[in-house]
Each structure stands twice: as structure tokens, then as C-alpha cells.
There are 2 protein chains.
Amino acid sequence: MAAKQHELATDLERRIAAGEFSETNKLPTEDQLIEQYGASRYCVRGAIAVLAEAGEVFPVRGSGVFVREDRGGMYMPISTSYGIAADFPDRKVVSTVRELALTRTDEKLAKRMRCDVDAPVWRVVRLRCVDDLPISYETAWYLKEYVPFLNEEIASGSLYRYMREDLGLRFGFTDKVIHVDWLGAEAARQLGLEEGDPAICIEDDAFLSNGKLFNASYNLYHYKNAKFYSMASMR
Amino acid sequence: MAAKQHELATDLERRIAAGEFSETNKLPTEDQLIEQYGASRYCVRGAIAVLAEAGEVFPVRGSGVFVREDRGGMYMPISTSYGIAADFPDRKVVSTVRELALTRTDEKLAKRMRCDVDAPVWRVVRLRCVDDLPISYETAWYLKEYVPFLNEEIASGSLYRYMREDLGLRFGFTDKVIHVDWLGAEAARQLGLEEGDPAICIEDDAFLSNGKLFNASYNLYHYKNAKFYSMASMR
DNA sequence: TAGTGGTCTAGACCACAAA
DNA sequence: TTGTGGTCTAGACCACTAT
């Protein structure tokens with residue numbers, strides 16, 4: 001069951017999208033929202049914080065909570081928390097599995113994944129497209145300890161949805177390292193680019209809510225089709 | 001005056017760095033921290049949230065707040081909120097001003113900066129080095145409306161510190177777009193790379209706490225010397 | 001001066017982990 | 001079962017904006 005603040009956030013999002021506040025570009029005051037939703041100030045402020053982190057509103061002390069103008073364009077959040085599918089709910093997201101094998105960690109991977117050498121892992125290589133545009137070529141490893149079963153059908157859909165809803169895993173946080181890399185022959189072929197072309201590379205370590213790493217990945221993004229954004233408060 | 005939660009966060013950071021919790025890798029419980037600091041649970045949880053966002057700890061419900069292992073290496077937060085200087089407090093950060101001029105916005109810049117065409121802006125081009133390694137080549141514009149005065153001495157130091165402490169500006173949030181770009185001749189020369197080399201490019205729009213944009217910039221990062229990290233909770 | 005968001009307190013109950 | 005963090009309420013005062 002979703003927390004109350006998230007319900008409020010979702011409803012406020014809907015109201016913003018419906019243009020309910022487009023005249024003033026301002027949300028109702030906190031006191032008004034408390035009234036409207038029959039919630040405490042804690043909840044109302046929690047909901048506003050969710051929207052603020054998503055870059056949809058910004059609160060100004062003494063003045064109100066303002067709706068931000070829409071930035072157009074197809075950008076991916078640099079913290080693509082729940083996978084591409086969740087980032088583009090309105091677009092056609094297709095994952096094509098290029099490799100899927102149950103293998104074992106070598107020394108280097110074991111170190112990265114904080115597990116024993118020779119630990120069983122699923123290795124999954126996928127090409128990911130949004131609206132038929134190739135976006136990324138991803139190599140991911142999932143510890144079999146946490147993901148006992150996997151097949152191509154599952155990997156073609158949303159792996160994160162599967163792990164959360166079917167396996168009952170609870171996610172905690174991710175670490176990402178972002179740098180520039182060059183495409184190898186195979187990655188270039190898959191993405192429709194040239195070998196040696198540059199790519200934004202995001203190395204991602206994903207942890208469960210108990211702090212255990214369950215998934216590491218190496219993601220090469222198409223330099224034309226994939227742009228990222230990031231919002232940060234400066235407090 | 002800093003808020004109480006931030007004081008607690010700073011002190012906890014100090015205690016973590018001092019190794020006070022290195023045996024268990026766990027912070028004291030919330031109740032214990034309430035006791036130790038004579039603060040409310042709100043404050044204690046606020047402090048923990050600050051550390052969690054910085055990736056220093058992660059809370060596990062029912063279990064405790066765990067200290068995260070140090071990730072080594074020199075990475076820059078993708079949300080380099082207060083400028084490079086604040087990100088590397090222990091390193092030698094040098095900004096060399098390559099250009100500094102009071103000019104006016106053309107149509108394209110005016111659109112980006114949400115201001116009138118021909119609005120006065122400072123244009124500042126800087127090469128930024130950390131420990132004598134070239135990190136980035138940055139072109140930035142500051143609206144004169146908010147930054148009435150600027151000179152090379154100020155721009156050689158921390159512009160953000162100047163704006164905050166001397167001009168009394170209060171920062172709100174930033175929007176960043178991250179993509180790959182190629183170095184032009186001048187940028188390559190400054191960074192000690194070859195023309196045509198790839199670079200991570202971050203376009204940054206910075207807003208005051210009242211939601212007004214005051215600074216836009218275009219930052220090219222050295223593909224070898226600059227790596228970024230980003231942490232995200234997956235809730 | 002009035003209105004609004006920011007911080008803080010005190011206390012309650014819930015969800016989950018570990019014993 | 002016990003202890004921990006997560007959510008929620010009610011109420012207070014402060015900092016800032018706008019008038």
C-alpha cells in the first residue's frame with residue numbers, strides 16, 4: 001500500500017497535468033492542501049517534496065509553491081531508478097535480449113559485486129530501444145542468490161518489475177559512475193553506429209534495501225539518441 | 001545560522017570519519033541520537049537523510065542505519081551544486097580565467113536565460129584544474145541584473161561563494177543536461193587534448209530560490225580526468 | 001502587517017529485521 | 001517478541017515575501 005504522501009503527490013501531479021493551476025502557476029497553500037486532502041502538514045509537505053525532487057514544482061518561502069515550466073525533449077533522468085520502462089511510460093520501450101546465460105563470477109566481477117569468486121550470476125545483454133530508436137546497449141549481471149530464475153521472455157520485459165513484483169525484492173539505492181567510453185564492434189553494430197564512436201557509459205551498482213548488491217551493469221548509450229538530465233536543489 | 005539538522009549531520013559526519021562506528025558500521029539508533037543531541041526525532045531523521053543523500057549511510061527499516069564503505073577514486077558529483085571548489089575541499093582547485101567580458105544576450109541566449117534580448121550579461125570562460133590536472137573548460141553567463149559586478153580576481157576564485165556571501169544571492173536549484181560533445185580547437189588546447197576528442201558536456205541552468213534563472217553554462221569535461229558519480233535511492 | 005513555507009517538538013502507531 | 005526505522009498527527013515558532 002502506497003504511503004499517503006505518495007497518493008497526494010500522484011493526485012497533485014494529475015491536477016498539474018490537467019492544468020488546474022495554470023493561471024497562477026501556483027499550487028494551493030499548504031493549509032489549503034491540508035484542508036483539501038484531510039491530511040497533516042507532514043503529508044502535504046512530503047508530497048510537495050516528491051514533486052520538487054522530480055523538478056515539477058519549486059517552493060519559495062513566504063510566497064508559495066510554483067509549478068515549473070515543462071522542459072521539452074526526450075531526456076532520461078540520470079538516476080533511471082526503475083529502468084527505462086518506468087522513465088518513458090508513454091513510449092514504446094523494447095528490450096531485445098542478445099545474450100542470456102547463467103555463468104559464474106570471475107575475480108574482477110566478484111570484487112565489484114562483493115561476492116565470492118565463482119558465484120552463480122545471470123549475464124544479460126540487451127539492446128534497448130525507445131520508439132524504435134536504439135538508446136543503449138547494456139550488459140548486466142544479476143546474482144542468482146537473489147534472482148533464482150530468469151528467461152528470455154522475462155528479460156524482454158521489465159526486469160525490475162519482475163524482481164519487485166514477482167520475486168518480492170525490495171530495492172534500496174544505486175551507485176552510478178558516468179564517463180565517456182568508445183564503442184566496440186558489436187556494441188556499434190547493435191546501436192547502428194561506427195566502431196570507435198564515443199558513448200556515455202554508466203556503470204551501475206544496484207543494492208537491495210538491506211544494503212546487499214544484487215545487480216551490476218555496464219551501459220553504453222547512443223550519443224545522439226540518449227541525453228540525460230539531472231535536477232538538484234542547491235540548499 | 002545553520003539549521004539544527006545540518007549541525008547534527010556535520011557532527012555525525014565527523015564521528016563517522018573519526019571511525020567511531022567502524023566496529024559495527026552502524027550509527028546509534030534514532031532514540032540514542034535523540035538522547036545524545038537533545039534533539040527531536042524530526043531533527044535526527046533530517047540529519048540522517050542528509051547523510052543518506054550524500055551516500056554516506058543507508059537506513060534499513062527494523063535494523064539500523066549503516067555506514068557505507070568508502071568508494072575510492074576522484075569522482076565528481078553529477079550535481080556539483082556549489083561548484084568544483086566545494087566538491088574537493090581537500091584538493092587544490094585552480095580556475096584560470098580565459099575570458100571575462102560584459103556583453104549582451106543574443107536571441108538564442110536570451111531564450112535560454114528567460115530574459116530580454118540585449119540584456120547585459122557577464123561572459124566568463126574558465127579552465128578549471130584540480131591538483132594541476134585540467135578538469136573542465138567552462139563557458140558561463142551571469143545576468144548583470146543579479147551579478148552587478150565581476151572581475152578577474154573574483155572569477156579566479158569561487159564565484160558561487162562570492163555570489164552567496166558577498167552579493168547575498170540565495171540559490172534554489174539547477175537543471176542539467178548531460179550529453180557527449182566533441183572538443184573544438186581552443187577547448188582541446190586548453191585541456192591538453194586533441195581537437196575532435198569526445199567530452200562529457202554538461203549544460204547547466206542555475207536558478208535563485210525565487211525561481212529566477214541567473215546563470216547558464218556550458219561545461220566540457222576532460223574525458224580522462226573527470227568522472228562523475230550519482231547516487232539515487234530507489235524508493 | 002498578513003500570509004506562506006521552513007524548522008522543530010512531542011507523541012502515536014505501523015512495517016520490518018533479528019533474535 | 002523486541003527493537004528498529006517509516007509514516008502520520010497536532011501544534012508551535014521562525015524566516016521570508018508581498019502588500
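Numbered from 1 within each chain, the chains take letters A, B, ... in sequence-line order.
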What is the distance, to the nearest angstrom, from the [atom1] atom on [X] to the [atom2] atom on [N]?
X     : N      : atom1 : atom2 : answer
B:L8  : C:dT9  : CG    : C1'   : 14 Å
B:I34 : D:dG6  : CD1   : C1'   : 13 Å
B:F58 : D:dG5  : CZ    : P     : 12 Å
A:Y37 : D:dA10 : OH    : C1'   : 21 Å
A:E30 : D:dG11 : CD    : C1'   : 14 Å
A:E35 : C:dT4  : CD    : P     : 13 Å
B:D31 : D:dG5  : CG    : C1'   : 10 Å

Is [X] close enough to [N] that one of its side-chain N or O atoms is under 4.0 Å from OP1 or OP2 there?
X      : N      : result
A:R45  : C:dG6  : yes
B:K4   : C:dT9  : yes
A:R170 : C:dA17 : yes
B:S40  : C:dC8  : no

Where the side chain of [X] is defined as all heavy atoms beyond and including C-beta, which of [options] is the nearest nucleotide?
X     : options               : value
B:A39 : D:dG5, D:dT9, C:dT9   : C:dT9
A:R61 : C:dA15, D:dT7, D:dC16 : D:dC16
A:S63 : C:dG6, D:dA18, C:dA18 : D:dA18

Q) Side chains of A:L51 and A:L12: does their closest heavy-atom pair fall under 4.5 Å? A) yes
Q: Please lay out, stage by stage, how B:R114 and B:D205 fare under the test salt bridge (charged side-chain N to carboxylate O under 4.0 Å, His left out).
A: CA-CA 11 Å; B:R114 287 88 157 163; B:D205 292 342; 3.6 Å; yes
Q: Over 60° means perpendicular and under 30° means parallel, so classify the ring planes of A:Y229 and A:Y75, tilted if in between.
A: perpendicular
Q.
Is the ring pair B:W122/B:F149 parallel, tilted or perpendicular, if the boundaries are 30 and 60 degrees?
A. perpendicular
Q) Hey, which of these two, B:P28 or A:Y42, hits DNA chain D nearer its 5' end, going by closest nucleotide? A) B:P28
Q.
On DNA chain D, does the nearest nucleotide to A:R41 precede the nearest nucleotide to A:G38 from the 5' side, or the other way round? Give the residue.
A. A:G38
Q. Between B:Q5 and A:N210, which is nearer to the 5' end of DNA chain C once each is assigned its nearest nucleotide?
A. B:Q5
Q. Taking B:T29 for the side chain and B:G64 for the main chain, is one N or O donor matched with an acceptor at less than 3.5 Å?
A. no
